[in-house]
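Both backbone and side-chain heavy atoms feed into the values below; hydrogens, waters and symmetry mates do not. What you see is a predicted model, and the numbers here were worked out from it, not measured in a lab. Letters A, B, ... mirror the listed sequences (proteins, then strands); counts begin at 1.
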Number of protein chains: 2
Amino acid sequence: MIRITAKNAAKQDFMSLMRQLVRTYQAFAAFDAASYRNMDLTVSQADVIFTLGNTAGLTFKDIGAQTLITKGTLTGVIDRLENKGLVKRIDTAEDRRCTQVVLTAKGKRMFGEVFPKHVARLRTRFDRLTVAERRDAQILLVKLQTIFSS
Amino acid sequence: MIRITAKNAAKQDFMSLMRQLVRTYQAFAAFDAASYRNMDLTVSQADVIFTLGNTAGLTFKDIGAQTLITKGTLTGVIDRLENKGLVKRIDTAEDRRCTQVVLTAKGKRMFGEVFPKHVARLRTRFDRLTVAERRDAQILLVKLQTIFSS
DNA sequence: TATTGTTATACTCTATAACTATA
DNA sequence: TATAGTTATAGAGTATAACAATA
């Protein structure tokens, strides 16, 4: 027997919100990953290309900080992107411990031509929301994020 | 030079919402995964235990449908849970192609005692939101989910 | 013929830690 | 001593497809 108390109702409340966050993210991630598969990229690889786009190159440290990929893993991800001819490593003169990673011409083409198509595909979906809904969703997602940070 | 046009503003708008969804989920997932690591479970394994909790057992097909883990992968996940003594396979009489997966006594203890502590830890965070914020977040997440489904 | 779960393969990511070369 | 990136190891999930047993 389950008693319907204020406490149980509140518990139900947050559990359902939590599950909804997961379901929503999974729906987005599945939609997103389908594009990357067409580009023959994994999610991590696409993440790196996206991060490098519109920059003059970033160090492993910078990329790791932005993508949340740890350095050991990042070496492998960059290796695979380099094998695909999408990025290249460049030694830096200032601090010879650092390595810059930059997009090659092929990588720039992917970021400049293929990615925009992906973005357009995403956009058609987000357009189904009103401007107010997008604004409110953004505000609430920020609030949701803050409760888990720190 | 970047022109600030209505089109660019709208693009910026949805891209930023998209990134926020990812960041929020990542913040939650990092918080969540820390608990599972303490229980010596991976996210997938915890997902299965959670799914099996309060049921009399589910088939591979059922578990796969609820967790989005494909059958080939699920065999391995269940193997590892079985090795840890948390679940067991039971052949079904009705349809001998199906296998039921049920929690063992140890698995029930984890679901009944360890998981609630995890839930309580999550709850302290969700309590930082007001009831209205949780309700609004839920509504907007459902809307966000629907734009990616179908 | 279709479905359920298993097996096999090859790849990718994760966590951890030791290692190198620089600073 | 500390930092940036590499290497090594073991484990875990993913995708794909072929397979056996059953319906």
Side-chain angles (χ1 to χ4, degrees), chain A residues 22 25-26 29-49 51-52 57-84 86-102, chain B residues 22 26 29-30 32-49 51-52 57-84 86-102:
Chain A
V22 174
Y25 177 78
Q26 282 176 341
F31 187 86
D32 201 43
S35 282
Y36 297 145
R37 252 196 307 281
N38 286 341
M39 302 181 212
D40 197 32
L41 292 178
T42 65
V43 172
S44 294
Q45 290 165 12
D47 205 0
V48 170
I49 299 285
T51 302
L52 286 176
L58 296 172
T59 64
F60 274 75
K61 192 187 175 187
D62 292 336
I63 298 172
Q66 288 191 49
T67 59
L68 303 184
I69 301 174
T70 52
K71 60 183 183 177
T73 304
L74 193 54
T75 296
V77 174
I78 298 295
D79 282 349
R80 288 180 280 276
L81 285 174
E82 204 163 22
N83 287 340
K84 289 176 184 173
L86 295 169
V87 306
K88 64 175 179 238
R89 287 171 164 88
I90 297 181
D91 290 338
T92 54
E94 316 86 62
D95 185 338
R96 292 173 57 203
R97 289 172 304 182
C98 299
T99 307
Q100 293 271 328
V101 181
V102 301
Chain B
V22 174
Q26 282 177 341
D32 201 44
S35 281
Y36 296 146
R37 251 196 307 280
N38 286 340
M39 304 180 211
D40 197 31
L41 292 178
T42 65
V43 172
S44 294
Q45 290 166 11
D47 205 2
V48 170
I49 299 286
T51 303
L52 286 175
L58 296 172
T59 63
F60 274 75
K61 192 187 174 188
D62 292 337
I63 298 172
Q66 289 191 49
T67 59
L68 304 183
I69 301 173
T70 52
K71 60 184 183 177
T73 304
L74 193 53
T75 295
V77 174
I78 298 295
D79 283 349
R80 289 181 280 275
L81 285 173
E82 204 162 21
N83 287 341
K84 289 176 183 174
L86 295 169
V87 306
K88 65 175 178 238
R89 286 172 164 86
I90 296 180
D91 289 338
T92 55
E94 315 87 62
D95 185 338
R96 291 173 57 203
R97 290 172 304 182
C98 299
T99 307
Q100 292 272 329
V101 182
V102 302

task = Would you kindly give the CG-to-P distance between Leu58(A) and dG5(D), to the nearest whole Å?
result = 11 Å

query = Quick one: on DNA chain C, does Val43(A) or Leu74(B) contact a more 5' nucleotide (nearest heavy atom)?
reply = Leu74(B)

query = Would you say the side-chain atoms of Thr59(A) pair up with the backbone N or O of Cys98(A), donor to acceptor, closer than 3.5 Å?
reply = no

message = Rounded to whole Å, how long is the line connecting atom CG of Leu41(A) with atom P of dC13(C)?
response = 10 Å

Can you give me the N/O atom pairs linking the protein to nucleotides 18-23 of chain C at distances under 3.5 Å, or say none if there are none?
residue	atom	partner	partner atom	Å
dA23(C)	OP1	Arg96(A)	N	3.0

query = For Val48(B), which of Val77(B), Val43(B), Val101(B), Leu86(B) qualifies under side-chain contact (heavy atoms from CB on, under 4.5 Å)?
reply = Val77(B)

key: Least distance between heavy atoms, Gln26(A) atom then Leu68(B) atom   = OE1-CD1, 3.4 Å

task = Take atom CG of Leu81(A) and atom C1' of dC13(C), then tell me their distance rounded to the nearest Å.
result = 13 Å

Nucleotide dA8(D), atom P - distance to CG of Asp79(A) in whole Å = 12 Å

key: Atom-pair distance (CD1 on Ile69(A); P on dA4(D)), nearest Å   = 17 Å

request  = Rounded to the nearest 0.5 Å, what's the gap from CD1 on Ile63(A) to CG on Asp47(A)? Could you check?
outcome  = 10.5 Å

note = Separation between CG (Asp62(A)) and CG (Leu52(A)), nearest 0.5 Å, reads 10.0 Å

note = By nearest-heavy-atom nucleotide on DNA chain D, the more 5' of Arg37(A) and Lys61(A) is Lys61(A)

remark   = Winner on side-chain proximity to Thr75(A), out of dT14(C), dT6(D), dA15(D), is dT6(D)

Under 3.5 Å, N/O pairs linking protein and nucleotides 8-12 of chain C:
none

query = What are the two closest non-hydrogen atoms of Arg89(B) and Asp79(B), and how far apart are they?
reply = NH2-OD1, 2.9 Å

query = Can you check the Asp62(A) CG to dT3(D) P distance for me, whole Å?
reply = 15 Å

message = With nearest nucleotide decided by heavy atoms, which residue, Gln100(B) or Leu68(A), maps closer to the 5′ end of DNA chain C?
response = Gln100(B)

query = What's the spacing between Thr99(A) OG1 and Ile90(A) CD1 if we round to 0.5 Å?
reply = 10.5 Å

message = I need the CD1-C1' distance between Ile63(B) and dT4(C), as an integer number of Å.
response = 13 Å

request  = Can you tell me the distance, in whole Å, between the CG atom of Asp91(A) and the P atom of dG5(D)?
outcome  = 11 Å

ask   = Could you state the interatomic distance from OG1 (Thr42(B)) to CZ (Arg37(B)), rounded to the nearest 0.5 Å?
value = 11.0 Å

Neighbour count above 12 (heavy atom, 6.0 Å) for Lys61(A) NZ = no

